[in-house]
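If you're wondering where the values come from, they're calculated on a predicted model, not measured in any experiment.
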Amino acid sequence: MTNDEMQGPIDASRIQGPIDASRIQGPIDASRIQGPIDASRIQGSVDATRTPRYAEPSTFARLPRLDEVSRADVTVMGVPFDSGVSYRPGARFGPGHIRASSKLLRPYNPALDVHPFAAQQVADFGDIGVNPFDIQEALATVDGAVTDLRKDGSTVLTLGGDHTIALPILRSLARDHGPIAVLHFDAHLDTWDTYFGAPFTHGTPFRRAGEEGLIDLERSQHIGIRGPLYSKKDLEDDAVLGFQVIRSDDYEVDGVASIVERMRRRLDGGPVYVSVDIDVLDPAHAPGTGTPEAGGMTSRELLNTLRGLVGLNVVGADIVEVAPAYDHAEITGIAAAHVAYELLSVLAINASTAPGRAARGEALRQAAYVTK
């Protein structure tokens, strides 16, 4: 390079001024995603045998950013929002904590015999900016972001954030699918009416969703419910909203295999949205959350239950209520990262086996849960 080429003023117009938003916003041309997936073009996670896990990138499981791939079959999106909490705050920092705790995830899932990052293109969108002082505006922002990401056929896996965000995600999905079966893992029902007269909180999303006709009243289910309630009427109101309840104690009595059978019977026959409040786990397995309850599930029970979703039509999922300020040694973050990993594995198998999804799901269920 000559001196003339390397000296002289830099053309500031090339690096200054606002970014052209048209280059990153708006729907992606759906014609680019038709036809079989070219596996050679899929970008997986960074090879941990060549780059230390504690080095860059800081995306979920060290996967590529969405702007680094032509399209994504599954998009991981963070929603740093916790303005709907009723007790301990801090879930706005959950997405970053889950990503930091995901660095140890490896590319092959032996429990389901799948490479979730090679069988599909998974990319991390990053976090969306939501208004922490206006809940209804925040809900509209989440709805819009999920809708935009789904325009190219991508399934969205959302990292929260508090449970309020499930409502706008269901609004987006229901516009395409109609009423959806909600599989809700939680210590709490989250079907209460209001808190301090406020209709939009982390304890009310599924009451609002039911009132708006977003939930399939014949196919929805809570798993992991436990702890004190305000009154017996809480359960009566919940039943009207169409949820079948599997209690945390049922795992002790019936076991994982029986619960997976009940779950599959309830959810079969249509689209399913999976919403995982990390407080479904016992505080021993997830101390970093806002409203912990004793007597919860183990992380092993939760992960095995999620594997039972293979073959069902999962159209989206969230993992919420991770509050890192109360976590210890990333116990909660690691549990949440593994929940996401199992969900991504289920999505990979379901996409690769459709329309033979149900048969594959039954075969895997038998292999995973039948004791010999």
Test item: [X] and [Y] side chains (from C-beta on) under 4.5 Å apart, heavy atoms:
X    : Y    : answer
F185 : T305 : yes
V156 : I169 : no
L306 : V346 : no
L267 : L309 : yes
Y326 : P287 : no
I135 : S83  : yes
D237 : W192 : no

* To do: Identify whether the distance between the nearest side-chain nitrogen and carboxylate oxygen of D193 and R208 falls below 4.0 Å.
  =>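 Salt bridge between D193 and R208, a charged N being under 4.0 Å from a carboxylate O: yes.
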
* Asked: Under 4.0 Å between a Lys/Arg side-chain N and an Asp/Glu carboxylate O for D73 and R71?
  ->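 Judged by the 4.0 Å cut-off on N to carboxylate O distance, D73 and R71 do form a salt bridge.
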
Cut-off 3.5 Å, side chains only: do [X] and [Y] have a donor facing an acceptor?
X    : Y    : answer
R62  : T51  : no
H97  : D327 : yes
S275 : H163 : yes
Q136 : N131 : no
D162 : T164 : yes

Treating [X] as the side-chain partner and [Y] as the backbone partner, does any N or O pair qualify as donor plus acceptor under 3.5 Å?
X    : Y    : value
D234 : Y230 : yes
R264 : V310 : yes
T204 : P199 : yes
D148 : A145 : no
N350 : G311 : yes
R92  : F81  : no
Y251 : G224 : no
R226 : V280 : yes
Q120 : L344 : yes
D82  : G90  : yes

* **Which atom of V182 lies closest to which atom of F206, heavy atoms considered** =>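 For V182 and F206, the tightest heavy-atom pair comes out as CG1-CE2, 3.8 Å.
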
* Asked: Of the non-hydrogen atoms in V79 and M77, which two are nearest, and what is the gap between them?
  ->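 Distance-wise, the nearest heavy atoms are CG2-CE, 3.6 Å.
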
* Asked: side-chain hydrogen bond (donor to acceptor under 3.5 Å, both in side chains) between H222 and D238: does it pass, once the steps are laid out?
  -> CA-CA 10 Å; H222 301 299; D238 187 78; 2.7 Å; yes

* To do: Show your reasoning for whether side-chain contact (heavy atoms from CB on, under 4.5 Å) applies to F125 and F60.
  => CA-CA 10 Å; F125 176 77; F60 180 82; over 6 Å; no

* **OH/Y108: more than 12 non-hydrogen atoms of other groups inside 6.0 Å** =>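 Correct, the count exceeds 12.
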
* Step through the shown structure and confirm whether more than 12 heavy atoms of other residues, nucleotides or ligands are within 6.0 Å of CD on E252. =>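 No, the 6.0 Å shell around CD holds no more than 12 heavy atoms from other groups.
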
